[in-house]
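Notes follow the structure.
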Amino acid sequence: LLQRVGIPGPEQQLRSYPHQLSGGMCQRVMIAMALAVNPRALIADEATSSLDVSIQAQILELMCQLQEDEGTAIILITHDLGVVAHNCHRVIVMYAGRAVEQAETDELFRDPRHPYTLGLLHSVLNVQGDPKARLQSISGQPPDLTELPPGCAFAPRCSYGDEECNQQVPILNRIKSEGTFREHRCLKEIGCLRDKGFRL
């Protein structure tokens, strides 16, 4: 297994302690351990965090290769939108433990609908944009998960909500293509969002 995940000299490395391995090698060992049980699905929670860009690319390439060889589904949990854009087929955007938007990756990046998704995409540095432009941030702070508001958890940070957003927990509705879901309250605000300059 260590050989399959690209660790050199696996027989010698088998006797190594974690502190004797690099971050990338530790990630490879974790992937090897996960593969030991022949999983139908592999949950990779922040698998590339704290790795430099070249090692990150190697780990993602390794996971894609294993997916292709073994037919294993990969659920990738990450805050890195670049990783999402280049490696995922479908995306579920979550806020405060709830799914707020779900779509094919291309569609989500091309036509985001939830204000939180828009905020995430606007907070990413665009190397082709104006070098003097300031990054947009999402105002406010994430909620305390032990004391969520009665309505939409994002409502206190959203400038497009209304009283109904503060009182009613939204549901995901199917819109446009099959398998695409967005919170119902935000659907009413699409025109408003577009009119107020949210464009990618």
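Residue numbers start at 1 and run along the sequence shown.
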Between Arg28 and Leu21, is any pair of side-chain heavy atoms under 4.5 Å apart?
-> no

Let me see the working for Asp80 and Thr78 under side chain to side chain donor-acceptor pair (under 3.5 Å), right down to the final yes or no.
-> CA-CA 5 Å; Asp80 190 326; Thr78 182; 5.4 Å; no

When you measure from the side chain of Glu70 to the backbone N and O of Asn38, does any donor-acceptor pair fall under 3.5 Å?
-> no

What pairs meet the ring-ring contact (aromatic ring centres under 6.0 Å, His included) rule with one or both residues in residues 47-102, with sequence neighbours excluded?
-> Tyr95-Tyr116, Tyr95-Phe154

With rounding to the nearest 0.5 Å, note down the distance linking CD1 in Ile59 to OG in Ser49.
-> 11.0 Å

Gln56 and Val83: CA distance, side-chain angles, deciding distance, side-chain contact (heavy atoms from CB on, under 4.5 Å) verdict = CA-CA 9 Å; Gln56 182 183 89; Val83 168; 4.0 Å; yes

side-chain contact (heavy atoms from CB on, under 4.5 Å) assessment of Val5 paired with Leu62 = CA-CA 7 Å; Val5 298; Leu62 169 64; 3.8 Å; yes

Identify the heavy atoms of Leu148 and Leu145 that sit nearest to each other, and give their distance.
-> CG-O, 3.9 Å

In Å and rounded to the nearest 0.5 Å, what is the CD to CG distance from Gln12 to Leu2?
-> 11.0 Å

Would you say Glu107's side chain and Glu104's backbone share a donor-acceptor pair under 3.5 angstrom?
-> no

Only counting residues at least two apart or in another chain, list the ones meeting side chain to side chain donor-acceptor pair (under 3.5 Å) with Ser137.
-> none

Name all residues meeting the side-chain contact (heavy atoms from CB on, under 4.5 Å) criterion together with Cys88; count only those two or more places apart in sequence or in a different chain, and write none if there are none.
-> Leu76, Val84, Thr105

Joint hydrophobic cluster, Leu1 plus Met33, side-chain heavy atoms closer than 4.5 Å = yes

Specify the closest pair of heavy atoms between Ile92 and Gln102, including all atoms of both residues, with the distance to one decimal.
-> CG1-CG, 3.7 Å

Any chain of hydrophobic side-chain contacts (each under 4.5 Å) joining Leu118 to Met94?
-> no

How long is the gap from CD on Glu46 to CD on Gln27, to the nearest 0.5 Å?
-> 10.0 Å

Do Glu101 side-chain atoms and Arg113 backbone N/O form a donor-acceptor pair below 3.5 Å?
-> yes

Given side chains that start at C-beta, do those of Leu60 and Thr48 come closer than 4.5 Å, heavy atoms only?
-> yes

Apply side-chain contact (heavy atoms from CB on, under 4.5 Å) to the pair Cys64 and Asn87, showing each step before the final yes or no.
-> CA-CA 8 Å; Cys64 288; Asn87 297 279; 3.9 Å; yes

Going only through I, L, V, M, F, W and Y residues with side-chain contacts under 4.5 Å, is there a path from Ile77 to Ile74?
-> no

Please answer: with hydrophobic residues joined when any side-chain heavy atoms are less than 4.5 Å apart, are Ile75 and Met63 in the same cluster?
-> no

All heavy atoms of Leu42 vs all of Ala34, minimum pair found to be CD1-CB, 3.3 Å

Measure the shortest side-chain to side-chain distance between Thr72 and Arg40 over non-hydrogen atoms and say whether it is less than 4.5 angstrom.
-> no

Which residues pass the side chain to side chain donor-acceptor pair (under 3.5 Å) test with Gln67, sequence neighbours left out?
-> none

What is the minimum heavy-atom distance between Thr117 and Pro112, and which atoms define it?
-> CG2-CB, 3.8 Å

Can you name the residues that form a side chain to side chain donor-acceptor pair (under 3.5 Å) with Ser139, not counting sequence neighbours?
-> none

So, for Pro143 and Ala153, which heavy atoms are closest and what is the spacing to 0.1 Å?
-> CG-O, 4.2 Å

May I ask you to test the Leu108-Leu121 pair for a side-chain heavy-atom distance under 4.5 Å?
-> no

Decide if atom CD of Gln3 counts as having more than 12 heavy atoms of other residues, nucleotides or ligands within a radius under 6.0 Å.
-> no

Decide if atom CD of Gln20 counts as having more than 12 heavy atoms of other residues, nucleotides or ligands within a radius under 6.0 Å.
-> yes

Rounded distance [0.5 Å steps], CG in Leu66 versus CD in Glu61 = 10.5 Å

Greater than 12 external heavy atoms within 6.0 Å of Ile43's CD1 = no

Residue set satisfying side chain to side chain donor-acceptor pair (under 3.5 Å) with Gln167, at least two apart, ordered chain then number -> Glu163

